[in-house]
Amino acid sequence: MKKRFISAVVSILILIPLLASCAPNTDLLYPFIEEVEVYSSEVEGAALTIYVDSKVESSGDGTEKSPFASISEAQAKIRELKAGEGLPSGGIRVLVATGEYDGLSMTAEDSGTEDCPITYISEEELGASINSGIILDPADFTELDSAEKARLINQAEANNIKKIDLKSYGLDASDWGELGVRSTWDSAHGILDEYGVTTVPEGELYINGDRSYLAMYPNNALLDLSKFLSFGPIVENVINMDINDPEFRGSTFTADDETFEHVKNWKNPTEVWVYGYYRWEWAEHSVPIGKIDEAAKTITLAYPCGEYLIENYKYIFYNAFEELDCPGEYYVDRENGFLYVYADKKFNSSTLVFANDATPLLSASDISYINFVGLDIRYTRGHGVSINTADHITFDHCSIGSTRSGGFSINVGNYVTISNCEVSNIGGQAITIIDGGDAETLTRSENLIYNNTVRDFGQIARTYAYGIWPGSMGTVVSHNEVYNAPHNAVSTGSMLNTIEYNEIYNVCTETQDCAAIYNGFGFTGRGNVIQYNYIHDIGQEDTHTHAIYLDSSYSGQTIYGNIFENTGYTGVKAGTGRDNVISNNIFIDCGSQVMEYAAIEVGHWNRDMWLTGSSMEDIVSQDFMGQTIADVVKYDNEIWRKTFPEIYTTRFDFDPAVDSKDDPAFFPNPTGHTITNNVVIINYGMGDVTKKDVYMFGADLDKFSKVENNILLQYDMSSFRMADIKDYTVTPNSKIKKLLPDFEIIPFYEIGRVNN
């Protein structure tokens with residue numbers, strides 16, 4: 001929101017002299033402004049400072065005049081204190097000078113206490129760099145020989161390709177690794193275990209901090225969806241097969257003539273991988289080529305992936321040496337250890353880093369009362385930060401980037417704060433806290449993800465690689481800016497979380513059936529509040545992408561006071577469920593169906609099956625996402641009954657012979673929803689439209705729930721303070737307030753990052 005903020009300030013300064021005589025209400029004129037925070041390496045109350053400087057000639061004793069050379073030595077000093085005289089009251093500051101440092105590993109022995117928290121802080125913001133990458137000197141790269149040049153399809157670019165022997169830097173096959181599965185779907189479902197396919201990520205090349213990609217066809221396809229290829233006719237679909245079968249293979253598809261002209265010129269086609277959306281446009285796969293048939297122009301995958309291919313679905317090829325012909329591409333000869341790269345005009349002045357270590361840069365287990373401030377953490381095949389159990393842990397003003405697996409990955413977290421950080425160029429998920437709090441007692445984790453920039457994630461594992469995943473109960477996700485990703489941005493399947501004041505844009509750029517905020521699944525994931533977010537420019541035109549998606553019966557959610565603009569297919573999509581509140585939101589040009597509320601399924605079961613009673617015994621016992629309908633309410637105690645009383649008035653059984661399908665308590669009925677005081681604005685050419693045209697509400701929604709006071713305005717942006725510069729603050733005397741007197745003015749200028 002930075003650009004909009006500046007534009008609004010300029011416009012307001014121009015308006016002030018003109019309005020002075022009118023004594024304007026400055027509360028409405030001035031946007032939300034906070035003082036810019038200045039970074040400081042001081043730690044209030046710290047009783048002891050341990051000094052670290054990687055540039056010293058010889059390591060000292062950790063004093064200011066004789067600092068340690070490594071952070072691990074400071075760790076050892078703290079352990080000595082704990083074992084001896086004890087930790088000092090007030091805290092310990094480990095002051096880390098600007099320089100390069102090795103990765104860290106921590107255990108409970110490195111923990112602080114409530115009375116003595118330990119803070120690892122960079123003397124200069126992002127000056128202390130923790131990384132395991134190998135810096136490659138551009139001067140060490142050499143020209144290709146004639147045989148190598150001859151292999152390249154694009155001969156016009158042959159002189160721009162250079163190579164380097166990674167072994168000359170002391171690296172071996174364990175450093176560059178084997179190519180393995182890139183599919184979130186395949187990895188999550190474990191379908192490739194029996195085929196011996198590795199899930200350990202391979203080494204990667206980064207140029208000036210940006211990820212390079214294995215040479216692909218078509219060029220830059222992972223950066224531009226329009227360049228994806230389409231499967232031709234499917235010759236054979238092989239869902240699974242015994243690996244010992246002599247005919248072991250995957251599916252076979254036909255390639256078009258232009259594509260096969262490339263394929264047939266690949267010297268080693270079985271080293272090339274086929275990445276794409278084989279069946280679902282929310283589940284990617286990556287499988288190497290098994291064989292090609294030049295006469296038939298067909299390609300057979302090396303092994304089954306558990307799904308069948310569908311004609312015209314999209315795919316690309318990667319890891320093809322012959323396709324190395326544009327900036328940002330590289331290739332590794334894994335047998336001989338040579339790295340090939342496209343060398344553009346800026347190559348000789350570029351910083352090239354090869355990420356060879358598969359371990360996290362900061363790994364820890366069972367740590368508590370530790371703060372990490374101002375650290376720059378980057379260049380690894382693994383996670384930037386991986387913590388098994390974290391309690392009272394803070395990351396502040398850090399930068400996590402250029403990682404193959406993920407940014408922050410915390411298994412169990414309570415009182416974890418990630419604030420004022422930038423997480424970027426991430427192969428998978430950016431910020432993940434898998435668990436925390438306690439579901440049975442509804443105890444909140446008190447985790448906070450605040451004021452971060454989260455961008456360019458899901459670059460390798462491209463579906464369900466979230467920017468922020470608060471899987472812990474009772475997490476607050478606030479004032480973050482999240483953008484640039486092929487799939488979902490923020491998601492939670494847990495309870496009692498608050499997602500507020502975030503700006504999310506340019507996500508869901510490659511996939512469908514996804515959303516900027518995607519929450520699911522199940523009847524008991526209650527108590528989440530999504531409020532005061534600005535979600536805009538989502539997905540691709542006329543595709544099933546959404547601002548917010550409550551999937552598969554997700555219930556008890558509140559969506560309030562958000563502004564949605566240009567969000568693909570819908571602003572809010574809900575797959576049935578119960579007791580959701582969607583109120584006081586503004587929808588601006590949000591696709592063909594501004595709000596879609598299905599009342600057709602429970603899990604993946606059609607509602608009509610429940611109402612007719614067919615196969616009732618099978619339905620009740622159906623396992624859906626780890627839950628059966630029969631035991632969907634896991635906890636039955638006083639705390640749950642007091643917090644979510646509506647759960648216990650719901651009926652999960654139904655006998656069509658004696659019961660009425662009109663009973664609001666019957667589980668599949670869309671009961672208890674509140675959809676009120678929403679504003680829909682349409683500015684594109686639909687002709688005259690009605691609310692019926694922009695809402696897709698399922699059967700009986702208005703019968704069982706409250707749906708009222710939702711207004712539609714067409715070609716009318718007059719209610720906003722300055723719509724031309726995207727200031728969507730509703731003014732007090734506007735048409736919206738006249739039509740909806742109870743509409744709360746959304747604090748638009750409080751949305752997004754602060755202190756910038």
Can a side-chain donor-acceptor contact be found between T492 and S494 if the only test is distance below 3.5 angstrom? yes
Notebook entry, point to check: Any donor-acceptor pair under 3.5 Å linking the side chain of N480 with the backbone of I449?
Noted result: yes
Note to self: side-chain hydrogen bond (donor to acceptor under 3.5 Å, both in side chains), that's the test. Do T676 and T674 meet it? Break it down for me.
What the structure shows: CA-CA 6 Å; T676 62; T674 299; over 6 Å; no
*Can R455 and E422 be counted as an ion pair, charged N to O under 4.0 angstrom?*
yes
Which of V43, L95, V94 passes side-chain contact (heavy atoms from CB on, under 4.5 Å) with T119? Answer is V43
Nearest heavy-atom contact between N502 and I751 is O-CG2, 3.5 Å
F564 and N678, any side-chain heavy atoms less than 4.5 Å apart:
no
| Would you call D579 and R526 a salt bridge, using N to O less than 4.0 angstrom? | yes
Let's go through R182 and E284 carefully: what are the C-alpha distance in whole Å and the side-chain angles of both, what is the deciding distance for side-chain contact (heavy atoms from CB on, under 4.5 Å) to 0.1 Å, and is it a yes or a no? CA-CA 8 Å; R182 291 187 170 190; E284 87 279 37; over 6 Å; no
Check your understanding: Is any side-chain N of the basic residue among K82 and E109 closer than 4.0 Å to the acidic one's carboxylate O?
Key -> no
Main-chain N/O of S583 paired with N677 side-chain donor or acceptor, under 3.5 Å
no
Shortest non-hydrogen pair, N497 vs S472, comes out as OD1-O, 2.9 Å
Given 3.5 Å as the limit, does a donor-acceptor pair link the side chain of S368 with the main chain of D391, or not? no
What I want to check is whether the side chains of N580 and Q557 have a donor and an acceptor closer together than 3.5 Å.
no
| query | Taking C-beta and beyond as the side chain, do S491 and Y464 meet within less than 4.5 Å on heavy atoms? | reply | no
> Given R211 and E204, is the salt bridge (Lys or Arg N to Asp or Glu O under 4.0 Å) satisfied, shown in steps?
Replying inline: CA-CA 8 Å; R211 167 174 278 105; E204 290 189 307; 3.1 Å; yes
Before you tell me yes or no, could you show the steps for T498 and Q531 under side-chain contact (heavy atoms from CB on, under 4.5 Å), namely the whole-Å CA-CA distance, both residues' side-chain angles and the distance that decides it to 0.1 Å? CA-CA 8 Å; T498 301; Q531 62 183 5; 4.1 Å; yes
Main chain of M473, side chain of S445: is a donor-acceptor contact present, judged purely on distance under 3.5 Å?
yes
Practice item. Classify the ring geometry between Y549 and H546 as parallel (under 30°), tilted (30 to 60°) or perpendicular (over 60°). Key: perpendicular
The side chain to side chain contact (heavy atoms under 4.5 Å, CB included) partners of S405 (sequence neighbours excluded) come to P201, H383
| Does any N or O in the side chain of N371 come within less than 3.5 Å of the main-chain N or O of P117, such that one atom is a donor and the other an acceptor? | no
Of all heavy-atom pairs linking A358 and T380, the shortest is C-OG1, 4.5 Å
Do the side chains of Y560 and V529 get nearer than 4.5 Å, heavy atoms only? no
Scanning both residues in full, the closest heavy-atom pair of L81 with L48 reads CD1-CD2, 3.7 Å
Closest heavy-atom pair, K77 versus I50, reported as atoms and distance to 0.1 Å, is CG-CD1, 3.9 Å
Across all chains, not counting sequence neighbours, the side chain to side chain contact (heavy atoms under 4.5 Å, CB included) partners of E446 are Y415, R444
key: Heavy-atom side-chain contact between I548 and I535 under 4.5 Å   = yes
Counting N and O atoms only, with roles assigned by atom type, does the side chain of N584 sit under 3.5 Å from a partner on the main chain of E744, one being a donor and the other an acceptor? yes
Evaluate N562 against V572 for side-chain contact (heavy atoms from CB on, under 4.5 Å), listing each step before the verdict. CA-CA 11 Å; N562 302 280; V572 175; over 6 Å; no
Salt-bridge contact R462-E510 (side-chain N to carboxylate O under 4.0 Å): yes
| query | Between T509 and N506, is there a donor-acceptor pair closer than 3.5 Å when you use the side chain of the first and the backbone of the second? | reply | no
So, do F748 and Y532 sit near enough that their side-chain heavy atoms are less than 4.5 Å apart?
no
Note: C116 and G91 closest approach over all heavy atoms is SG-CA, 3.6 Å
(message) Let's go through T49 and R93 carefully: what are the C-alpha distance in whole Å and the side-chain angles of both, what is the deciding distance for side-chain hydrogen bond (donor to acceptor under 3.5 Å, both in side chains) to 0.1 Å, and is it a yes or a no?
(response) CA-CA 5 Å; T49 295; R93 176 179 68 153; 3.0 Å; yes
Donor on one side chain, acceptor on other, E565 and Y534, under 3.5 Å: yes
* For D102, does the CG atom sit with more than 12 other heavy atoms under 6.0 Å from it, leaving out its own atoms? -> no
Open item on the list: Determine whether T113 and D115 satisfy the following criterion, side-chain hydrogen bond (donor to acceptor under 3.5 Å, both in side chains), listing intermediate values before the conclusion.
Closed with: CA-CA 5 Å; T113 64; D115 186 51; 5.4 Å; no
(Q) Using only atom types and a distance under 3.5 Å, with no angle test, would you say the side chain of N411 pairs donor to acceptor with the backbone of T389? (A) no
**OP:** Report the relative orientation of the aromatic rings in W640 and F644; use parallel for angles under 30°, tilted for 30 to 60°, perpendicular for over 60°.
**Re:** perpendicular
Side chain proximity check, I746 to Y728, heavy atoms < 4.5 angstrom = no
Inset, instruction - Decide side-chain hydrogen bond (donor to acceptor under 3.5 Å, both in side chains) for H397 and Y39; before the verdict, give the C-alpha distance in whole Å, the side-chain angles of both, and the deciding distance to 0.1 Å. - result: CA-CA 8 Å; H397 285 90; Y39 180 83; over 6 Å; no
Quiz prompt | pair L550-I559: side-chain heavy atoms closer than 4.5 Å | solution = yes
Flag side-chain contact, heavy atom, 4.5 Å: F372 against I377
no
Any donor and acceptor pair, going by atom type alone, linking the side chain of T511 with main-chain N or O of A283 inside 3.5 Å?
no
**Asked** Are any side-chain N or O atoms of N425 and backbone N or O atoms of G209, one a donor and one an acceptor, separated by less than 3.5 Å?
**Response** yes
Step-by-step side-chain contact (heavy atoms from CB on, under 4.5 Å) determination, I504 to N533: CA-CA 8 Å; I504 306 174; N533 301 282; 5.5 Å; no
